[in-house]
Amino acid sequence: MSDYDFKKVEEKWQSIWANSNAFRAEDFSDKPKFYVLTEFFGPSGSGIHLGHVKAFTPTEVIARYKRLKGYNVLYPAGWDAFGLPTENYALKVKKDPQTVTSDNIQIFKNQLTKLGFSFDWSREVDTTSPEYYKWTQWIFLQLFKKGMAYKADGVVNFCPKCKTILSNEDSQGGICDRCKGGVVQAKRSVWYLRMKDYSEKMLAAIDEIDMKPNLKDSQRNWIGKSAGAEIFFDIEGTREQLKIFTTRPDTLYGVTYMAVAPEHDLIEKYAKKITNIKQLRAYKTAAVKKSAEARAANKEKTGVLIEGLRAINPANGASIPIFAADYVMTGYGTGAIMAVPAHDTRDYEFAKKFDLPIIQVISGGDISKEAYTGDGILVNSKLINGLTVDAAKQKITEFLVKKGQGEKKINYKMQDWPFNRQRYWGEPFPIILCDSCGFVALDENVLPLTLPALKDYSPDESGDGPLKKAKEWVEVKCPKCGKSARRETDTMPNWAGSSWYWLRFLDPHNAAQFASPEKLAYWGAADLYTGGTEHVTRHMLYASFWHNFLYDIKAVPHRLPFTRRMCNGLILDETGRKMGKSSGNAIDPITVLAQYGADAFRLHILFMGDYEQNTAWTLEGINGCTSFLKRVWGLKQLMRDDSTVSKAHERALHQMIKRAELGIISDEKDCEKREDFKFNTVIAGFMEFMNTVRKSNYITKEELRQYLIVMNPFIPHITSELYSQIFNKDILSERYPEYDESKLIETEIEIPVQLCGKLKGVIKIQPNEPQDAVEKKALQVLGGITPKKIIYIKDKIINIIG
RNA sequence: GCGGAUGUGGCGGAACUGGCAGACGCGCCGGACUUAGAAUCCGGUGUCCACGACGUGAAGGUUCAAAUCCUUUCAUCCGCACCA
């Protein structure tokens, strides 16, 4: 048997596929469409890493499988290359980001081709190319024109290392998503996108998209919807009302103090009335400086009494003190709270520390020890005594509304999206700042507004983007009034280009539209979208927001960007740590590829473990895949003509096909019933069939034909080569075989015989054999026993209680 | 603190959703072929006081029957974190 030369075969087929555009998706086809998308690549300098192989191999298999199943498959790839990773890398190697980007793309593309991935390269997109970001800018303009983008001063997350503001999604846990350093709060001029306005639509999309409950939960959590009331507290001796948000209006009688965020406007507005204003200003300065990390680490409550201002409880007219406290966030609700120490653990802690009264208004618990946050009956609450919490909420809210001192309110944790970055490598804003006209949109016809080349594009502390250095570019005439004006010098965040890219794949070369309505309608939503869990509360929310917006302005015909989402687990190193450049434990997939070949590598990474689970990387076991491939190669020697018919072979073949059909990707909509993405067990099925063949020492030509097609999506090179050698045809033009349930029926089954639940033996029966016959056989195994009870589960097991 | 995930041989992992636990693969042991090794092939491989008993992180429970359901508990990992 000649040895299998994977290098030669793989290169041969890769060039055949490339030259014949084998994986080109057709626009408009009679075949059913299938759009499978994996989050596109951020082309870093070091080439692809194992995580890419883990993430893409499964969808690669699905794409090839669906093609063989007769679908018109769109499986595209592209480059998400704007943003900090590329720019920081370019700064490090002292090249310009554009050069770095195109170099990296070449490396990536080359490596991906060597893995045999079947992308439709004719649809390649690059977010940094003007032809692409023209449309990113266009979408921004639509947002701007609809009032969905606005510039305002705001206190936002700022990364001192990257010298730019960040969104909440970019700084989860108070950590900069890019450099992993701590972020601080800073007052800046911010372009906001009104993402908050889309909270309900995004929540609706979460309900509709088919994904695991835990992913849905974390998205819902991030949006953080909570229903309650806004209550307006009069401030003594002023006409001012302090507005607060609460989910517990029922506890209004238990309010013993108010608390506002240190940054709250109230303080400066009444600076003259406040006797300890200096102390409050110092407190504010300290609080703002504290990074979110430090705030979270410091659990101890702090605060300063605002001397000179008091609030009046609208329910009972009680006069109550107001504090500034940094446990109240500016960004959520109104930045002010009514504090009910008896029924809120944080307020309880604060009240204990500052020796404030604690008034119980809900029965239950022991408030001398801790706050009682559970359910109960209202007490000490004149208007609502005796009511349940729910009823009390209703009644008191109605009362406040009537009085003009409150209203029903729904609040969201999610904030509007701070959308500008003080960095170079991003989409320029198509906006001109004119002293007389304000913010003026560029005419759509002049897009793209290209990013000017800059020698020194490094960020600085000024608070402006580096683009301000491109004087000629910045200084322009106002399109409205013709006076001197200047361009916006900040750029868009790295998430901008990725917030709509799945649409561009549908029509990537269209110069007149981001995609034609016909192609948008034909392809519709991605049928499957896969990627990392880290994007669930970042990219995916932005994507949902933009897509919903585009739907609302009738730019896309379908509401959902994708109908099913799966998240792949991580590849960990041998010791179970996260792999990464920074930890120095990254494995270069290309060395694996060179040593074992693409087919073996693909097989190995799929066979290693579950798609959704994190998996520790090891090369142990890859020998099994290599020797399996050798056996596949050797099947030619075992081939016989098709007159040899064997029930056992037939059953094994259909069993294997069934396993692949159910285990790769299912059409089943009910995710409870679905058992797909089980690539490891599908491969085990291939191996079992191989064992059957080897045991009998032959395979018929037709069996081999089907076997090769079934395995083709996993190991495309070797199967293509064998297929062309034996059948003199291109395997890609064949149809995936169907399994036949009737071929799976066994003529004889073995079932276990138990005595009182203990295994005593095995009997052979025929399917549907009458129960008394089975019982008779079973009792023979057990010898002379008079059974008290017999439990027979048809064709499965018999248990005899003696 | 809140939320989620995971826990099965020496290892990676299976188990048709309550029905013979350990599929498939790695590794290991033995054998064949070889001067020898590599490769390949054949056989074996959960544990133990071995015609039996015990075994799915631990302890209870439900059931004729539990890795799977219930209660309690431990461990590891991962999110979110003062959200009013």
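Chain A is the first sequence line, chain B the second, and so forth, proteins listed ahead of strands; every chain is numbered from 1.
- Here the side chain of A/T681 is nearest to one of B/C80, B/A14, B/G12, namely B/A14.
- Distances shown here put a side-chain N or O of A/N680 below 4.0 Å from the OP1 or OP2 atom of B/A14.
- Within the shown strands, B/G46 is the pairing partner of B/C54 under the Watson-Crick or G-U definition, both distances less than 3.5 Å.
- For B/A84, the OP1/OP2 oxygens have a side-chain nitrogen or oxygen of A/S226 closer than 4.0 Å.
- To the nearest whole angstrom, the two C1' atoms, one in B/U34 and one in B/C26, are 25 Å apart.
- Contact annotation: A/R631 side-chain N/O to B/U40 OP1/OP2 distance is not under 4.0 Å.
- Distance from the side chain of A/K630 is smallest for B/U40 among the nucleotides B/C20, B/U40, B/G19.
- Two residues, A/K678 and A/G333, neighbour RNA chain B, and the one matched to the more 5' nucleotide by heavy-atom proximity is A/K678.
- Judged by atom type and distance alone, A/K301 reaches the base of B/C82 through a side-chain donor-acceptor pair under 3.5 Å.
- Applying the salt bridge (Lys or Arg N to Asp or Glu O under 4.0 Å) criterion to A/E748, with sequence neighbours excluded, gives no partner residue.
- Applying the 90° cutoff around 0 to the glycosidic angle, B/U63 is assigned anti.
- Phosphate contact (OP1/OP2 of B/C41, side-chain N/O of A/R694, threshold under 4.0 Å): present.
- If you check every strand for non-hydrogen atoms under 4.0 Å, A/N691 touches sugar and phosphate atoms only.
- Across all strands, A/N623 comes closer than 4.0 Å only to sugar-phosphate atoms, never to a base (heavy-atom distances).
- If you measure from atom CZ of A/F607 to atom P of B/A14, you get 10 Å, rounded to the nearest angstrom.
- Side chain of A/V762, nearest nucleotide from B/A14, B/C64, B/C20: B/C20.
- Residues that satisfy the ring pair (Phe, Tyr, Trp, His ring centres under 6.0 Å) test with A/H654, not counting sequence neighbours, are absent from this structure.
- With A/H604 as reference, A/W617 is the one residue of A/F679, A/Y596, A/W617 to meet the ring pair (Phe, Tyr, Trp, His ring centres under 6.0 Å) rule.
- Side-chain atoms of A/D610 and A/N680 form no donor-acceptor pair, as typed in the model, at a separation below 3.5 Å.
- Going from the P atom of B/A32 to that of B/G37 covers 12 Å, rounded to whole Å.
- In this structure, B/G9 shows a glycosidic angle within 90 degrees of zero, which is the syn conformation.
- Within 6.0 Å of NZ in A/K7 there are 12 or fewer heavy atoms belonging to other residues, nucleotides or ligands.
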Derivation of the ring pair (Phe, Tyr, Trp, His ring centres under 6.0 Å) call for A/Y257 and A/F354: CA-CA 11 Å; A/Y257 70 98; A/F354 287 86; 8.2 Å; no
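- Nucleotide B/U40 forms a pair with B/A32, judged by Watson-Crick or G-U wobble geometry with both contacts under 3.5 Å.
- Ion pairing between a basic and an acidic side chain is recognised when a charged N comes within 4.0 Å of a carboxylate O; A/E39 and A/R565 show such pairing.
- As judged by a 4.0 angstrom heavy-atom cut-off over every strand, A/Q754 is placed among the base-contacting residues.
- When distances are taken from the side chain of A/T615 to each of B/A14, B/G13, B/C20, the shortest belongs to B/G13.
- Comparing A/G224 and A/E675, the nucleotide of RNA chain B nearest to each residue sits closer to the 5' end for A/E675.
- Across all strands shown, the partner of B/C11 is B/G25, judged by Watson-Crick or G-U wobble contacts whose two distances both fall under 3.5 Å.
- Cation-pi contact between A/K301 and A/F350: absent, since separation from the ring centre below 6.0 Å together with deviation from the ring axis within 45° is not met.
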Can you give one letter per nucleotide of nucleotides 46-53 of chain B, 5' to 3': B if a protein heavy atom sits under 4.0 Å from the base, S if only from the sugar-phosphate, - if neither? --------
